[in-house]
Asker: 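Once you've had a glance at the structure underneath, I'll fire off some questions.
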Amino acid sequence: MAKAGKRLTQLDEWQALVDHQSGLQHTHMRELFTKDPQRFRHFFSEAAGLSLDYSKNLITQESMTLLMDLARRCRVPERIEAMFQGEAVNTSEQRPALHVALRSQSDEAVQVDGRDIMPEVRDTLARMEEFVWRVRSTQWRGFSNKPFTDVVSIGIGGSFLGPKLVSAALKPYWHGQINCHYVANIDGSHITEVLRHINPETTLFLIQSKSFHTQETLENTKVAREWFLHNGGSEDQIGKHFVAVTAKPQAAIDFGIAEQNIFPMWDWVGGRYSLWSAIGLPTALTIGMENFRALLAGAYAMDRHFREAPLEQNLPVILALLGVWYNNFWGADAHAILPYDHYLRGLPAHLQQLDMESNGKCVTNAGDPVDYQTGPIIWGGAGANGQHAYHQLLHQGTCLSPADFIIPLRTHNPVANHHAILFANCLSQTQALMQGKTEAEARAELEAQGRSPADVERLARHKVIPGNKPSNTLLFERATPRTVGALIALYEHKTYVQGVIWDVDSFDQWGVELGKQLGEDILQRLLGKTADGEVSDSSTAGLIELFRNRHHNGH
Ligand code: G6Q
């Protein structure tokens, strides 16, 4: 946003970071740890049940000071407040992004277009509560009067990844009688595999679509409805088995969903920020409303911290600035999310959407091309599995991908020494990434193993690990509704702060919209229907032809 007319890369604060990076680039983190025995304490912060050790980063106190200067120059504190105040932080669509209102526990009014939205938010939560209670207490039953055993959520993108993550993350809190399934993809195998294992008499479908216009979701819903009607259900029983969450209730009614079965969504909630709304219903049905409210409370604790804590102790701000530091000053274009927690294995997929859809932008809020890198590629997976696979690239590869290691102090499932072993793996990875192994150490190790001088000579350089690879370690007591809520909110706010620094609109997604538009024309051609004009490129035309030939041949 307004930086007195100067481009971001021209700011004194940016240039100071360029200079600082060139002074630091030959310093090894080993030295930094040796110089400052209190380094862990100096780069450690806690909030909302989460602890962040960011000492294993390529930073000094000065780096953090300069990064904070940049944040202030980019008016991060003011922009944080603007988001909470309901200003149109989604600039291209000219609307607010008020996911924070969905989890607010305060009496403060939140105005959108001169109207307080909090009564609607509370009413919707109360409706969710009643619905969840009726299903879980078996008052709301299927057409043959049997209680529900399965909930199938049909939705994609933001109407899928967040709830799916939370459902899996909170598996220890699942109500024993209700199983939760997600259908997202338009690949028919997805819905086929889900329907194969469930009974229409005891299945509740939740149709999750903010726009109620998404092809994948609507087509999968049609299949679910047909399956229901062909397996014992009837039209007048659809009302017992199909519920929708949408910001376009009329479209859902036109589609055949009973009006009283529709939960609202709002324009001021982005899809990837919507798990806190009624889009969270599949989660609430499986973990219960009390736990769902605890999830909101955890997120709210992080919201308060984000809004109130000084930048220097502000977890989302620290993570955001470290990301900017590597992305823009060290040439990193990837960032790894490595949860050492089986229940959080879906976190990389959710954060991939959250971060890449929010900050994968190449023009500023004013529409000018950026001359610096914006959002990195987010990738990752569960530890310790990744150590036996892609961590190789982290240790010895040529591209720089800082990593967040995320681990609970205690497990839900104490099995033998598993948790201590898991924890040891996590810590030893961050330590190895930081320290590396010098050639002298590699040689000494080989010699100690009794290898011949020729072997030592041949192998030593292959065994060198450069080290100096940055990582954060995020810890929490256990994956509870509160900590999971705080963790997801932490990353939402990190993403926003980076968007503020890069001056991009973190809440639009025109690239995703493009995919929705283009598919329609090609579909018409695949189905042999008339479409306007010629396909403009020979690759797409050739591939359409291949598909058509196959289908004409009856395959
Ligand atoms: C999220 C995106 C996108 C969206 C899906 C589903 O921020 O906009 O992933 O959530 O395309 O959209 P509907 O909820 O409208 O079906």
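FYI, the numbering just counts along the sequence from 1. We count ligands from 1, going down the list as the structure has it; atoms in each ligand are counted the same way.
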Asker: Is the distance between the ring centroids of Phe205 and Phe228 under 6.0 Å?
Answerer: no
Asker: Quick one, Glu108 with Arg304, criterion salt bridge (Lys or Arg N to Asp or Glu O under 4.0 Å). Give me CA distance, side-chain angles, the key distance, then yes/no.
Answerer: CA-CA 13 Å; Glu108 198 184 341; Arg304 285 197 60 184; over 6 Å; no
Asker: Could you check whether His335 and Tyr326 have their ring centres less than 6.0 Å apart?
Answerer: no
Asker: So if I count the atoms of ligand 1 from 1 in the order they appear, which ones are less than 4.0 Å from some heavy atom of Gln509?
Answerer: 7 (O), 8 (O)
Asker: Taking 4.0 Å as the limit for heavy-atom contacts, which would you say applies to Gln353 with ligand 1: side chain only, backbone only, both, or neither?
Answerer: side chain
Asker: Less than 3.5 Å apart, any donor N or O on the side chain of Tyr173 or Thr286 sitting next to an acceptor on the other?
Answerer: no
Asker: What do you reckon, does Lys210 have a nitrogen or oxygen under 3.5 Å from a nitrogen or oxygen of ligand 1?
Answerer: yes
Asker: Filter on side-chain hydrogen bond (donor to acceptor under 3.5 Å, both in side chains), then keep only pairs touching residues 247-256, sequence neighbours left out; what's left?
Answerer: Gln250-Asp254
Asker: For atom 8 (O) of ligand 1, tell me which residue out of Glu357, Glu513, Glu216 has the closest non-hydrogen atom.
Answerer: Glu357
Asker: What atoms of ligand 1 come within less than 4.0 Å of a heavy atom belonging to Ser209?
Answerer: 13 (P), 14 (O), 15 (O), 16 (O)
Asker: Which residue supplies the protein heavy atom nearest to atom 15 (O) of ligand 1, what is that atom called, and how far is it?
Answerer: Ser211 OG, 2.6 Å
Asker: Please state which protein non-hydrogen atom is closest to atom 5 (C) of ligand 1 and give its distance, to 0.1 Å?
Answerer: Ile156 O, 3.5 Å
Asker: Compute the shortest N/O to N/O distance between Gln208 and ligand 1 and return yes if it is under 3.5 Å, no if not.
Answerer: no
Asker: For atom 11 (O) of ligand 1, what's the nearest protein heavy-atom neighbour? Residue, atom name and distance, please.
Answerer: Lys516 NZ, 2.9 Å
Asker: Does Arg95 make a cation-pi contact with Trp268, if we ask for NZ or CZ under 6.0 Å from the ring centre and within 45° of the axis?
Answerer: no
Asker: What residue and heavy atom of the protein are closest to atom 12 (O) of ligand 1, and at what distance?
Answerer: Thr214 OG1, 3.5 Å
Asker: Relative to atom 10 (O) of ligand 1, which among Gly158, Ala184, Gly155 owns the nearest non-hydrogen atom?
Answerer: Gly158
Asker: Can you confirm whether Thr221 sits close enough to Phe255 that some side-chain heavy atom of one is under 4.5 Å from a side-chain heavy atom of the other?
Answerer: yes
Asker: Starting from atom 7 (O) of ligand 1, what is the nearest protein heavy atom, named by residue and atom, and what distance separates them?
Answerer: Arg272 NH1, 2.8 Å
Asker: Show, in sequence, the C-alpha distance, side-chain angles and deciding distance for His190 and Tyr182, and conclude whether the ring-ring contact (aromatic ring centres under 6.0 Å, His included) test is met.
Answerer: CA-CA 9 Å; His190 198 175; Tyr182 287 87; 9.2 Å; no
